[in-house]
Structures are given as structure tokens and as C-alpha cells.
Amino acid sequence: MDGNKRREAIIDLLKKSKEPVSGTYLAKTLQVSRQIIVQDIALLRASHQDIASTHKGYVLNTQQTCKRIFKVHHDDNEVEKELSLIVDLGGFIEDVFVYHKVYNIVRATLNIASRRDIKNYMENLQNGHSSLLKNVTSGYHYHTVHADSEEILDEIQEELQKAGFLAKLQEYEPVDFWKEK
């Protein structure tokens, strides 16, 4: 089976399943390695398939969700509190990104849907696997958050404001260092 047919089969399996489908199950079913499945999922996401990773496996989001970008600012010791506030109110944190004056937009996928996801994320940070992206822009960063309704996103926004995490939006014009003057 070639890659395109395999990725179609992955989408088909995810559509038919009412529960998350593990990468191991997909690999066995499609007779490829787990790493091939991980690569296929990345390619499917790059082609705008809304596939979420959970601790139980992959889920294809076929329902229409609402999406909003929040600009936030906080200290390193408040990361877990910020993320927990969002997921506890029903939000799914797709990513984190910053506007850097040299590199423009720098984005990292998070796919955080639960306290367990937050725990794993925090453990990876504490183990030194990575550092916080927000620190390259003095704590200012953005999250793309999905929820089942605009009302949930409104509530998340209100609670981020109450907690002092919501940052003021301002016009931003990236600097193009390569542009001739």
C-alpha cells in the first residue's frame, strides 16, 4: 500500500472509531512501523486534517468547533495554572506561538486537552527536554484554543483576564531584514 492510500486508510479508521485509535493499532492494522504512522499523522495534519493526539491515541475532529487566539503573558511558574484554566473550562490548546522581531512567527504544536497532557508537558519541560517558547519574547505568547462553543471561549477569555494572564493586543509589524532599503 502506498503512502497516499495508507493515509486515506488512517482517516477512514479514525472516522469509524468512536474512541481514540492508538498508533500501535494503526501500525499493526496497516502493517507498517509506529514511526511511519507518526509521520503519516504529521503529513495529514499538514494537509489540514484536524487530528488530535491524546494519551489513548489519535482522534479525528469531525465536529465543527469554535477557535480563538489568546495573547497571554505570565511567569514560568504560572504555565501549569494557565493551561489548566483553559482545559478545565473545556478548551483544547492547539499550539503556542510568538511573534519574534527577527524570525517572525515561531509556532509549536501542543495538542493539550487534559490535565494529564499538561502533566506530561510540564514533566518534559522539567526534564530539560525543552524550554518555554514564550521566553524568547519576554513572556508574551499566543495560544490557539478550540472549544465546542463561543460561550466556552468567552468564559476562558474572562477567566484568563481575571487571572491576569490576558495580554493587551497591539499592532505588530514584522521587521524584514532582507528587504532592500
Side-chain angles (χ1 to χ4, degrees), residues 10-23 26 38 40-100 104-125 130 132-137 139-172:
I10 290 171
I11 293 296
D12 191 50
L13 288 165
L14 293 177
K15 279 181 181 176
K16 291 178 180 174
S17 180
K18 296 185 190 290
E19 297 180 0
V21 180
S22 74
L26 290 170
V38 170
D40 282 342
I41 295 293
L43 288 170
L44 288 166
R45 286 178 175 153
S47 68
H48 304 292
Q49 291 290 339
D50 191 6
I51 300 173
S53 301
T54 72
H55 66 282
K56 292 183 179 180
Y58 298 108
V59 177
L60 180 64
N61 294 321
T62 54
Q63 68 181 25
Q64 292 294 330
T65 61
C66 301
K67 178 167 65 169
R68 192 174 299 171
I69 295 174
F70 295 105
K71 181 180 182 185
V72 291
H73 180 266
H74 53 76
D75 295 329
D76 287 359
N77 62 347
E78 296 175 303
V79 171
E80 189 169 0
K81 181 180 177 185
E82 173 215 22
L83 298 175
S84 295
L85 182 152
I86 294 168
V87 300
D88 288 351
L89 292 171
F92 170 79
I93 306 161
E94 177 184 324
D95 61 14
V96 59
F97 64 97
V98 297
Y99 283 108
H100 192 276
N104 208 350
I105 296 175
V106 181
R107 183 182 310 266
T109 301
L110 293 180
N111 290 332
I112 294 178
S114 67
R115 289 264 183 157
R116 183 182 195 138
D117 292 343
I118 295 168
K119 180 180 178 246
N120 291 337
Y121 175 72
M122 297 304 295
E123 284 174 0
N124 284 333
L125 287 171
S130 190
L132 294 165
L133 187 56
K134 72 175 194 62
N135 290 336
V136 300
T137 53
Y140 290 95
H141 59 289
Y142 299 80
H143 289 296
T144 306
V145 177
H146 298 256
D148 290 337
S149 70
E150 288 293 333
E151 290 79 17
I152 292 172
L153 291 172
D154 290 343
E155 187 176 2
I156 291 169
Q157 184 169 329
E158 183 179 315
E159 292 302 317
L160 286 170
Q161 181 69 44
K162 283 182 190 174
F165 295 147
L166 216 52
K168 181 181 175 195
L169 292 174
Q170 18 183 334
E171 287 297 315
Y172 175 78

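Numbers here are sequence positions counted from 1.
Distance check: Ile112 CD1 to His143 NE2 gives 7.5 Å after rounding to the nearest 0.5 Å. For the atom pair Arg115 CZ and Met122 CE, the distance stands at 11.5 Å (nearest 0.5 Å). Summarising the geometry, atom CG belonging to Leu110 is positioned 11.0 Å from atom CZ belonging to Phe97; distances are rounded to the nearest 0.5 Å. Atoms CD1 and OG, on Ile93 and Ser114 in that order, are 10.0 Å from each other to the nearest 0.5 Å. Going from atom CG of Asp75 over to atom NZ of Lys81 covers 11.0 Å, rounded to the nearest 0.5 Å. Interatomic distance, SG of Cys66 versus NE2 of His146, reported as 10.5 Å (0.5 Å rounding).
Nearest heavy atoms, Lys168 versus Lys71: O-NZ, 3.1 Å. Across all non-hydrogen atoms, the minimal contact from Val145 to Gly91 is CG1-CA, 4.0 Å. Nearest heavy atom pair, residue Gly23 against residue Tyr58, reads CA-CE1, 3.9 Å. The minimum heavy-atom distance linking Ala147 with Ile152 is given by the pair CB-CG2, 3.5 Å. Contact between Leu89 and Glu159 at its shortest, heavy atoms only, is CD1-CG, 3.6 Å. Nearest heavy-atom pair, Leu132 versus Val79, reported as atom, atom and distance to 0.1 Å: CD1-CG2, 3.6 Å.
Taking the ring centroids of Tyr142 and Tyr99, they lie under the 6.0 Å cut-off.
When side chains are defined from C-beta on, Leu60 does not count as touching Ile10, because their heavy atoms never get closer than 4.5 Å. Using a 4.5 Å heavy-atom threshold, the side chains of Arg107 and Thr144 count as touching. Counting heavy atoms from C-beta on, the side chains of His55 and Lys119 never come closer than 4.5 Å. For the pair Asp117/Thr54, no side-chain contact is recorded, criterion being any heavy-atom separation below 4.5 Å from C-beta on. In this structure, the side chains of Lys15 and Ile11 come closer than 4.5 Å at one or more pairs of heavy atoms.
A distance-only check finds a donor-acceptor pair linking the side chain of Arg45 to the backbone of Ile51 [under 3.5 Å]. A distance-only check finds no donor-acceptor pair linking the side chain of His73 to the backbone of Phe165 [under 3.5 Å]. Listed for the Asn111 side chain is no donor-acceptor partner under 3.5 Å among the backbone atoms of Ala52. Here the side chain of Ser17 pairs no donor or acceptor atom with the backbone of Leu13 at under 3.5 angstrom. The main-chain N or O of His74 is found under 3.5 Å from a side-chain atom of Lys134 such that the two form a donor-acceptor pair.
Annotation: Arg116, atom CZ; neighbour count of heavy atoms from other residues, nucleotides and ligands within 6.0 Å does not exceed 12.
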*Derivation and outcome, side chain to side chain contact (heavy atoms under 4.5 Å, CB included), residues Asp154 and Arg68*: CA-CA 9 Å; Asp154 290 343; Arg68 192 174 299 171; 2.9 Å; yes

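For Leu43, the side-chain contact (heavy atoms from CB on, under 4.5 Å) test picks out Arg7, Asp40, with sequence neighbours left out. Applying the side-chain contact (heavy atoms from CB on, under 4.5 Å) test to Val106 and every residue at least two apart in sequence or in another chain returns Val98, His100, Tyr103, Leu133.
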